[in-house]
Amino acid sequence: MISKLNLENILFLDIETVPETQHFSDLDATKQTLWELKSQYQRKDEFTAEEFYERAGIWAEFGKIVCISVGYFSLQGDTRTFRVTSFHGDEISLLKDFKNLLISHFSQTKHLLCAHNGKEFDFPYIARRMIIHNMELPYKLNLFGKKPWEVPHLDTLELWKFGDYKTYTSLKLLTNVLGIPSPKDDIDGSEVFRVYYEENDIDRIITYCEKDTIAVAQIFLRLRGDALLSEDEIIHV
């Protein structure tokens, strides 16, 4: 089935998120209490709510998006290129820019969004942050009233499961077993908080995010039985 999809109709993406503030103490008293309740199951008695706060970026109610990287194929004859670009900076601005891309270039029925674990994380996270900022959802993220087969989302994690919902396979593991160069050669997700708030190095986060986006596209190619992208086929714009 996926081998019949036109690669040019798919927007591959990845997001990087951090807690909404650098310190737990920066939250107001109500939000601190809500975080204690929200994180109680995950942290149990091993961490206090404040100690666990570095992981708050995982939840859209307590985090924010600092980078959205996207990639798309261009096929001209025998020439194949994969263009990658990123939206970063103020969250409202990057969400608006991403929304404008969807509306202007990926709004037709044939267009699909693809991410690794996107159905559980990237897609709902983006939608929730847009709602929080009082932004109208673009059609590709608005799932209200859509039947399952009408949802325009692809998920490389879901494709890899082949119907087996008992397990989770990380992007790093999947690239390894499929013989794809690992995108995790600098930082990993657990370090984004530190790189963003302590080092103020958004460029490093952008590079990391774009490598993940490329990895998602590479996995998709392998699942189709297509040749992997070479370095000279990847264009950063």
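Worth saying up front: this structure is predicted, and the values here are computed from it rather than measured.
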(Q) If you define the side chain from C-beta out and look only at heavy atoms, does anything of Thr17 sit under 4.5 Å from Val192? (A) no

Q. Out of Asn9, Ile10, Leu7, which one pairs with Phe73 under the side-chain contact (heavy atoms from CB on, under 4.5 Å) rule?
A. Leu7

Q: Return yes when atom NZ of Lys96 has more than 12 non-hydrogen atoms of other residues, nucleotides or ligands closer than 6.0 Å, and no otherwise.
A: no

Q. Which heavy-atom pair separates Pro138 from Leu102 by the least distance, and what is that distance?
A. CG-CD1, 3.8 Å

Q) Taking atom CG of Leu154 and atom CG of Leu5, what is their separation to the nearest 0.5 Å? A) 6.0 Å

**Q.** Asp28, CG: over 12 other non-hydrogen atoms inside 6.0 angstrom
**A.** yes

(Q) So does Thr81 get a backbone contact from the side chain of Ser74, meaning a donor-acceptor N/O pair under 3.5 Å? (A) no

**Q.** Min side-chain heavy-atom separation Leu101-Tyr72 under 4.5 Å
**A.** no

Q: Say whether, by atom type as modelled, one donor and one acceptor occur between the side chain of Glu233 and the main chain of Phe82 under 3.5 angstrom.
A: no

Q: Return the orientation label for the Phe47 and Phe52 ring planes: parallel under 30°, perpendicular over 60°, tilted otherwise.
A: tilted

Q: Answer yes or no: does atom CD of Gln22 have more than 12 heavy-atom neighbours from other residues, nucleotides or ligands under 6.0 Å?
A: yes

Q. Okay, side chain of Arg43, backbone of Glu36: is any donor-acceptor separation there less than 3.5 Å?
A. yes

(Q) Can you tell me which residue among Glu199, Glu210, Glu198 is in a salt bridge (charged side-chain N to carboxylate O under 4.0 Å, His left out) with Arg204? (A) Glu199

Q) So which heavy atom on Gly71 is nearest to which on Thr213, and how close? A) N-CG2, 3.6 Å

Q. Are any non-hydrogen side-chain atoms of Leu34 and Leu27 less than 4.5 angstrom apart?
A. no

Q.
Looking at Tyr197 and Pro19, would you say the former's side chain and the latter's main chain have a donor-acceptor pair under 3.5 Å?
A. yes

Q: Give a yes or no on this: more than 12 heavy atoms of other residues, nucleotides or ligands lie within 6.0 Å of atom CD of Glu136.
A: no

Q: Ignoring hydrogens and angles, tell me if any N or O in the side chain of Thr156 forms a donor-acceptor pair with the backbone of Phe220 under 3.5 Å.
A: no

Q | Student check: side-chain heavy atoms of Leu143 and Phe123 closer than 4.5 Å | A | no

Q) Between Arg224 and Ile2, is there a donor-acceptor pair closer than 3.5 Å when you use the side chain of the first and the backbone of the second? A) yes

Q: Would you indicate whether the side-chain heavy atoms of Thr169 and Val177 approach each other to under 4.5 Å?
A: no

**Q.** Closest contact, heavy atoms only, Arg80 versus Leu228
**A.** NH2-O, 3.0 Å

**Q.** More than 12 heavy atoms from other groups under 6.0 Å of OH on Tyr139
**A.** no

Q. If you draw the axis of the six-membered ring of Tyr41, does the NZ or CZ of Lys44 fall within 45° of it and under 6.0 Å from the ring centre?
A. yes

(Q) Ignoring hydrogens, what is the shortest heavy-atom contact between Met130 and Leu141? Give both atom names and the distance. (A) SD-CD1, 4.1 Å

Q) Would you say Arg129's side chain and Gly63's backbone share a donor-acceptor pair under 3.5 angstrom? A) yes

Q. Any donor-acceptor pair under 3.5 Å linking the side chain of His153 with the backbone of Lys140?
A. yes

Q) So, do Phe87 and Ile65 sit near enough that their side-chain heavy atoms are less than 4.5 Å apart? A) no

Q.
Minimum heavy-atom separation for Phe106 and Glu8, please, with both atom names.
A. CE2-O, 4.2 Å

Q) Under 3.5 Å, is there a donor-acceptor pair between the side chain of Asp14 and the main chain of Ser69? A) no

Q) Donor-acceptor pair, Glu20 side chain versus Lys64 backbone, under 3.5 Å? A) no

Q | Greater than 12 external heavy atoms within 6.0 Å of His133's NE2 | A | yes

